[in-house]
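First comes the structure, then the notes that go with it.
Letters go in sequence order (proteins before strands), and every chain restarts at 1.
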Amino acid sequence: MAEKEKTFEEITNHLVTSGFVYPGSEIYGGLSNSWDYGPLGALVKNHVKDLWLRHFVRGIEYNVQIDPAIIMNPKVWEATGHVSNFHDPLVDCKYCHARFRADDLVKKQLKDVDVDGMTTDQLNDIVQSGKIVCPTCGKASFTPIRQFQMMFKTFIGVTEDHTSTVYLRPETAQGIFVNFKNVMRTTRRKLPVGICDIGKAFRNEITPGNFTFRTREFEQMEIEFFFKPGEDEKWFQFYKDNCKAFVEKMGLKDEKVRFRDHEPAELAFYSKATTDIEYLFPTLGWGELMGIACRGDYDLTKHQESSGQDLTYLDPDTNTRYLPHVIEPSFGLDRLMLALFCDSYEVQSLDDGKDSRIVMHLDPELAPYTIAVMPLSNKLSDDAKKVFDGLRENYDAIFDTTGSIGKRYRREDAIGTPLCITYDFDSLKDQMVTVRERDSMKQERVKISDLNTYIQNFLGRNKVL
RNA sequence: GCGGCCAUUGUUCAGUGGUAGAACAUCAGCUUCCCAAGCUGAAUACGCGGGUUCGAUCCCCGUUGGCCGCUCCA
């Protein structure tokens, strides 16, 4: 059973053709870089979320989950700097088509000019003045500055003349920060406290691509973990360890995952330290799945200033007030799924290369379906269906009657179903079925009445804890 | 957004200025079918919109989508 080389394209093709992912709005010709999860993808997504919730919310005593709104008061984004900072003034050289940030060009070529605080028009005048040349070809002719606002804008208002601009959130984090006070009050907790959220975020990326790796609409699983200043190192390490454990639970291969600490120059302005957890994607190379950032008290300070609300925490031990520091573990759910798909996809050669099967070696907890029930012959459909009906409420299960039994096994292998249950002619007499396991292809006779126990044992056996 | 390449059924490929074929996949039937067997039958495609033409899937223009490079990030 030799493993063939796999490419990113081959894997995404399989995902699209088998029903994990569909191109968005396909019957209208699609929409650039938008993807829909099909039935299989939606199931996997549920399972990954569920695993995450179990690990980071139920599993960590300090943590709670909230579910804040996507559309927030626009003042939130003014406070965070997203309105002013989340766009770059870009120009293209008309000759060689190279692209630059206008403020960078001016800063580097006219040392005596202070670009900070300059309006776009002023900046544009300088770039168009002929004093700035293209670093690539030396010509001095640029397109006008174009602003790329990364936040999606929309409007709220009862009547058109009373509309106001609002934004789709570019990150879920701020929904957590603005609720810090509410959570502390209503849960009556003491620090440390982690507030978790799973939800969509939107960024008008200039260059999305690589399938679901970078899209303009994506789902994040984020935690803002609040604690007493000075404990930064301790909790940073705590979340590094937990992220490692989580990645192991997902079953991602060790050698394909790495933790990468940001260099000081690479750090975002609000961050004191950041670690990325990256996955080695086929064809694409290393790509970030999640990041853990030390944000200090940056966000709460900003919100406290802008809102005028007191966001400090009264420490009952010392009877002093302070703004907590924050560690932010942030997960890209879609990327995590993509890594999972790439990691588990295998094309196995059987019978010396005469035959092959696609196997998705998904953890049984994460696979779309846990069980497939299939009658050996169509004549056994009604009886097999009863077995299926007995399982479907407790498990994600699928019933398949078409094609030869071998073909059906292959179909389930290709979508990662760990267990196939076959009802045959003997089952009528002995009330036993054949359970076939995905990875080993081994078979076992099991009493129908023992199936539930068998499956529970199987799931327990395969759980990586 | 800019430059380059591309667009035929679910997938992978043929093909022609007179509206299309294959393989695999799918569905139905036969087969006591346990790792893609076989037989019979069925459905499904020229991305979209203009133009040239008696006629365009094929030529031209536009558009949309995809892939590869330039800026960002989870």
Side-chain angles (χ1 to χ4, degrees), chain A residues 8-10 12-14 16-19 22-34 86-94 96-101 104 136 143 146-148 150 170-173 200-201 203-216 218-222 266 268 274 276-278 287-293 328-336 338 348 350-351 354-358 374-380 401-414 420-428 433-436 438 441-443 445:
Chain A
F8 188 71
E9 195 190 350
E10 176 189 347
T12 56
N13 186 44
H14 179 243
V16 169
T17 54
S18 55
Y22 303 133
S25 319
E26 200 181 6
I27 63 167
Y28 286 101
L31 176 67
S32 182
N33 293 291
S34 97
F86 242 59
H87 55 67
D88 302 324
L90 298 182
V91 291
D92 290 347
C93 172
K94 284 183 183 169
C96 69
H97 302 294
R99 162 161 302 169
F100 307 96
R101 284 183 57 154
D104 272 358
T136 310
T143 59
R146 284 189 306 275
Q147 292 282 358
F148 284 94
M150 287 192 79
E171 59 180 27
T172 53
K200 295 243 176 164
R203 283 182 202 172
N204 202 356
E205 300 277 357
I206 303 164
T207 308
N210 288 335
F211 199 56
T212 55
F213 186 78
R214 175 168 292 132
T215 51
R216 296 193 167 99
F218 57 98
E219 198 146 357
Q220 292 185 306
M221 305 191 289
E222 284 199 314
E266 197 183 352
T274 298
D276 283 346
I277 295 142
E278 302 181 328
E288 183 185 350
L289 301 181
M290 56 185 105
I292 312 168
E328 178 194 73
S330 175
F331 302 71
L333 176 52
D334 307 276
R335 290 181 175 187
L336 231 30
L338 189 59
Q348 284 182 351
L350 307 171
D351 293 340
K354 281 179 215 152
D355 197 6
S356 72
R357 65 166 186 158
I358 294 173
M374 35 190 70
L376 191 62
S377 158
N378 252 334
K379 297 189 175 93
L380 300 162
T401 63
T402 58
S404 74
I405 197 69
K407 181 173 273 189
R408 281 177 272 169
Y409 285 155
R410 296 289 169 92
R411 272 206 281 259
E412 297 308 321
D413 291 339
C420 290
I421 293 172
T422 304
Y423 192 99
D424 60 24
F425 289 93
D426 291 337
S427 305
L428 288 168
V433 288
T434 305
V435 180
R436 177 265 195 189
R438 175 193 70 202
M441 294 162 80
K442 292 216 171 91
Q443 300 185 354
R445 282 302 266 186

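Only the C1' atoms considered, B:rU8 is 11 Å distant from B:rG21, to the nearest whole Å. Nucleotides B:rC46 and B:rU9 are separated by 8 Å at their P atoms, to the nearest Å. Spacing of P atoms, B:rC59 relative to B:rC5, comes out at 15 Å, to the nearest Å. To the nearest whole angstrom, the two C1' atoms, one in B:rU71 and one in B:rG3, are 15 Å apart. With P as the reference atom, B:rC58 and B:rU16 are 13 Å apart, rounded to whole Å. Taking atom C1' in both B:rA74 and B:rG65, the straight-line distance is 25 Å, to the nearest Å. Across B:rU57 and B:rC72, the matching C1' atoms stand 40 Å from one another, rounded to whole Å. The separation of B:rC24 from B:rU44, taken at their C1' atoms, amounts to 14 Å, rounded to a whole angstrom.
The CD-P distance, from A:E9 to B:rU11, rounds to 13 Å in whole Å. In this structure, the NE2 atom of A:H14 is 13 Å from the P atom of B:rU12, given to the nearest Å. B:rA74 atom C1' lies 9 Å from atom CG of A:D334, rounded to whole Å. The CG atom of A:L289 sits 13 Å away from the C1' atom of B:rC73 (whole-angstrom rounding). When rounded to the nearest whole Å, the span between CZ of A:R203 and P of B:rC72 equals 13 Å. Rounded to whole Å, atom P of B:rU11 lies 12 Å from atom OH of A:Y22.
Applying the side-chain contact (heavy atoms from CB on, under 4.5 Å) test to A:T17 and every residue at least two apart in sequence or in another chain returns A:N13. For A:F213, the ring-ring contact (aromatic ring centres under 6.0 Å, His included) partners at least two apart in sequence or on another chain are A:F281. A:K200 is linked by a side chain to side chain donor-acceptor pair (under 3.5 Å) to A:E217, counting only residues two or more places apart in sequence or in another chain. By the salt bridge (charged side-chain N to carboxylate O under 4.0 Å, His left out) test, A:D334 is found to be paired with no residue, residues two or more places apart in sequence or in another chain being considered. For A:T402, the side-chain contact (heavy atoms from CB on, under 4.5 Å) partners two or more places apart in sequence, or in a different chain, are A:D400, A:R411. Listed by chain and number, the residues in a ring-ring contact (aromatic ring centres under 6.0 Å, His included) with A:F211 are A:W35 (sequence neighbours excluded). Qualifying side chain to side chain donor-acceptor pair (under 3.5 Å) partners for A:S18, counting only residues two or more places apart in sequence or in other chains: none. Considering only residues two or more places apart in sequence or on other chains, A:T434 meets the side chain to side chain donor-acceptor pair (under 3.5 Å) condition with A:R445. A search for side chain to side chain donor-acceptor pair (under 3.5 Å) contacts involving A:R335 returns nothing, not counting sequence neighbours.
Residues A:E26 and A:S330 each lie close to RNA chain B; by heavy-atom proximity, the contact nearer the 5' end of the strand is made by A:E26.
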Identify the pairs formed between an N or O of the protein and an N or O of nucleotides 63-68 of chain B at a distance under 3.5 Å, and give each distance.
{"residue": "B:rG65", "atom": "O4'", "partner": "A:G29", "partner atom": "O", "Å": "3.3"}
{"residue": "B:rG66", "atom": "OP1", "partner": "A:N33", "partner atom": "N", "Å": "2.7"}
{"residue": "B:rG66", "atom": "OP2", "partner": "A:S32", "partner atom": "OG", "Å": "3.1"}

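Among the protein residues, A:F331 comes within range of no part of the nucleic acid, since none of its heavy atoms lies under 4.0 Å from any strand.
Not one side-chain nitrogen or oxygen of A:T402 sits closer than 4.0 Å to the OP1 or OP2 atom of B:rA28.
Side-chain contact between A:L336 and A:M221: present, with at least one pair of heavy atoms (C-beta onward) separated by less than 4.5 Å.
Residues A:C420 and A:M374 come closest through the heavy atom pair SG-CE, 4.3 Å.
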Dot-bracket for RNA chain B, 5' to 3', counting Watson-Crick or G-U wobble pairs under 3.5 Å, with [ ] for crossing pairs and | for inter-strand pairs? (((((((..((((....[..)))).(((((.......)))))....(((((..]....))))))))))))....
Give the B/S/- string for nucleotides 30-39 of chain B, one per nucleotide from 5' to 3', where a protein heavy atom under 4.0 Å of the base yields B, of only the sugar-phosphate yields S, and otherwise -. -SBBBBBS--
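Taken to the nearest 0.5 Å, the CE atom of A:M290 stands 11.0 Å off from the CG atom of A:L333.
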